[in-house]
Amino acid sequence: MTKQDQSRDSAARYSVLPQRRDLFYDNTWHEPRGGYVPTFNPANQDNLGDTASANASDVDAAVHSAQAAFLEWRKTQPIERANLMRRLAGLVREAAEEFAMIDAINCGNPVREMIRDATIAAAQIDYFAGLVHELKGDTLPMGADSLNYSVREPLGVTARIVAYNHPMLFLAGKLAPAIAAGNTVVMKPPEQAPLSAYRLADMIAASLPPGVVNIVSGGSESGEELVKHPLVQKVALIGSVPTGSKILHLAADKIMPVTLELGGKNPLIICPDADLERAIGGAVGGMNFTWAGQSCGSTSRCFVHRSVYAEVCAGIVALIPQKHQCGDPTDMNTTMGSLISEAQFNKVINMINTAKHDGARLLFGGKRPADPALADGWFVEPTVFADVTPAMQLFREEVFGPVLAIIPWDDEEELIAEVNSVEYGLTASVWTRDLARAHRLAARIESGYIWINHISSHFIGAEFGGFKKSGLGREEGLSELLSYTQIKNVHVRLD
Ligand code: NAD
């Protein structure tokens, strides 16, 4: 393709990008007082134009809109809330391909895979719409002279702040439990990839009453203003451990509940009795090279029993190029995207260099892809290191990039000690044909979400979240809905 063809082609793809990039509250667009900042295509550094950046007074206006809406929304019949949510789910589902292209252009993930994000988001909205009648209280036995009951009430205005790796899924899917429970929401999209949020705003306006769901784009300062706002009653974050810690400190001043979905350094364990072909597929798939490894659930520490170590290392190296090659994220055939930014690219390359310096054995990748068409993007090849030890940075720290660490193991006790020796505890995957071993390991691994002979999938209704520094609270199940309520007990004397 010539340069001219290329630019015509991207102009056609870019026509899907939303034109209006202001703040969205009260179902209306508002120019930001905080000004605008540009957003980029990380796969080629194209400037995609300006986006609103909310300052404290913008956040205040959005929160007040959400507070006014809350007073009405909390009174709306649950079944009516569910009906309106299902309308939103339908609109999101219909626009799945459009959302996928916007996110592919703005966050560098392959378009083919991003279509699934929109359909999962729609399914999550439908799921929580179906749970509105589970917002039940209790009655206590009191004898004939009194009645004692409890009810679940919404909290008020809630805030949702999300990371860049699945921008629309994290906003659209996860607004659902908050509004199903009768709260209103102010959401802050990721500063690196806010464009799909503006498209979502059109659908919110077409399905929900004004002020129920609001969007304030911006960076960490906008997020902090949202957390600190006196009318905000709960914050849910998807992000890094340092941000989670910062938000907890801010929430402590307000005595406000917080849900945190944070990072991971997740183990995948291959036992000597595993079906090796499937386990190798699991090791490659679980690393989420598709999103350039930028996934909290990536199983980035692959523990392989020494008796099958050489075979598994060779199998992983042979399989990767068949499954994942960096390419233009907007191309339907692309199987691996770019990193989000120069900062993330530099972080990943530095961690690769440190791993080499620490003595890990580079088996695959470790650099930019050679394809000149990708030279302007923040691409890193799928990268694999063998002989990683617990003393190395690569063993302990989240890369949030396409870097798989392979570690040999001999003894189950030592394995468990090494697996649990990091500060994180989000996901884990175990590969074995021995049922007793599978359950024994699942019981002893300090992680919130464990797959046996499986990887990566989330299941609607299955509570997702982390042990240790990987998070606080659970999402994607009934407990997430209940976390957006507070219990009120009422005692009635009847005599
Ligand atoms: P980040 O913590 O830098 O940013 C996440 C969000 O928080 C962004 O919207 C950002 O603007 C906002 N933010 C940053 N500082 C803030 C502050 N002081 N107050 C309020 N808001 C603030 O994370 P990131 O680099 O964008 O994302 C990568 C991290 O997210 C990784 O650690 C990854 O594992 C984690 N993650 C976790 C999950 C999960 O479900 N557990 C899912 C995806 C990503």
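Heads up: numbering here begins at 1 and tracks the sequence. As the structure is a computational prediction, the values presented were derived from the model and not from experiment. Both ligands and their constituent atoms are indexed starting at 1 by order of listing.
At a heavy-atom cutoff of 4.0 Å, ligand 1 is contacted by the backbone of Leu262 but not by its side chain. Contacts between Glu191 and ligand 1, counted as non-hydrogen atom pairs separated by less than 4.0 Å, involve the side chain only. With a 4.0 Å heavy-atom cut-off, ligand 1 is reached by the side chain of Ile161 but not by its N, CA, C or O. The proximity of Leu426 to ligand 1, defined as any non-hydrogen pair under 4.0 Å, is limited to the side chain. Only the side chain of Lys246 comes within 4.0 Å of ligand 1, counting heavy atoms alone; its backbone N, CA, C and O stay farther away. Within the 4.0 Å heavy-atom criterion, neither part of Val241 lies near ligand 1.
Residue contact check: Lys188 has heavy atoms under 4.0 Å from atoms 8 (C), 9 (O), 10 (C), 11 (O) of ligand 1. Atoms of ligand 1 found under 4.0 Å from any heavy atom of Gly223, numbered from 1 in the order shown, are 19 (N), 20 (C), 21 (N). Close approach of ligand 1 to Asn165 is summarised as follows: ligand atoms under 4.0 Å from at least one heavy atom of the residue are 43 (C), 44 (C). With ligand atoms numbered from 1 in the order given, ligand 1 contributes 1 (P), 2 (O), 3 (O), 7 (O), 13 (N), 14 (C), 15 (N), 16 (C), 22 (C) to contacts under 4.0 Å with heavy atoms of Thr243. Near Ser240, with a cut-off below 4.0 Å to any heavy atom, the atoms of ligand 1 are 1 (P), 2 (O), 3 (O), 23 (O), 29 (C), 30 (O), 32 (O). Ligand-side atoms of ligand 1 in range of Phe170: 42 (C), 43 (C), range being under 4.0 angstrom from any heavy atom.
For atom 31 (C) of ligand 1, the closest non-hydrogen atom of the protein is Glu398 OE1, 3.4 Å. Closest protein heavy atom to atom 39 (C) of ligand 1: Cys296 SG, 3.1 Å. In terms of protein heavy-atom proximity, atom 6 (C) of ligand 1 is nearest to Val162 O, 3.4 Å. For atom 27 (O) of ligand 1, the closest non-hydrogen atom on the protein side is Ala163 CB, 3.4 Å. With respect to atom 15 (N) of ligand 1, the closest heavy atom belonging to the protein is Ser220 CB, 3.2 Å.
For the atom pair CZ (Arg444) and NE2 (His439), the distance works out to 16.0 Å, reported to the nearest 0.5 Å. With values rounded to the nearest 0.5 angstrom, Glu261 atom CD is found 9.0 Å from Leu237 atom CG. In this structure, Asp117 CG and His166 NE2 are separated by 5.5 Å, a value rounded to the nearest 0.5 Å. Atom OG of residue Ser300 and atom CD of residue Glu397 lie 11.5 Å apart, to the nearest 0.5 angstrom. In this structure, the separation between CG on Leu362 and OG1 on Thr383 is 7.0 Å, given to the nearest 0.5 Å.
Between the side chains of Asn266 and Ser298, no donor N or O sits under 3.5 Å from an acceptor N or O.
Taking the six-membered ring for Trp and thresholds of 30 and 60 degrees, Phe400 and Tyr164 have ring planes more than 60 degrees apart, a perpendicular arrangement. The aromatic rings of Phe345 and Trp378 sit tilted, their planes meeting at an angle between 30° and 60°.
Of the charged side-chain nitrogens involved, none lies within less than 4.0 Å of a carboxylate oxygen, so that Glu398 and Lys265 do not count as a salt-bridged pair.
Under the side chain to side chain contact (heavy atoms under 4.5 Å, CB included) criterion, Ala180 pairs with Met85, Phe128, Val132, Leu481, not counting sequence neighbours. Listed by chain and residue number, Pro38, Phe40 satisfy the side chain to side chain contact (heavy atoms under 4.5 Å, CB included) test with Asn47 (two or more places apart in sequence, or in another chain).
Considering backbone and side-chain atoms alike, Ser470 places every N or O at 3.5 Å or more from each N or O of ligand 1.
In this structure, Lys468 is not positioned above the aromatic face of Tyr424 in the sense of NZ or CZ being under 6.0 Å from the six-membered ring centre and within 45° of the axis.
Residue contact check for ligand 1: Gly219 places a non-hydrogen atom closer than 4.0 Å to it.
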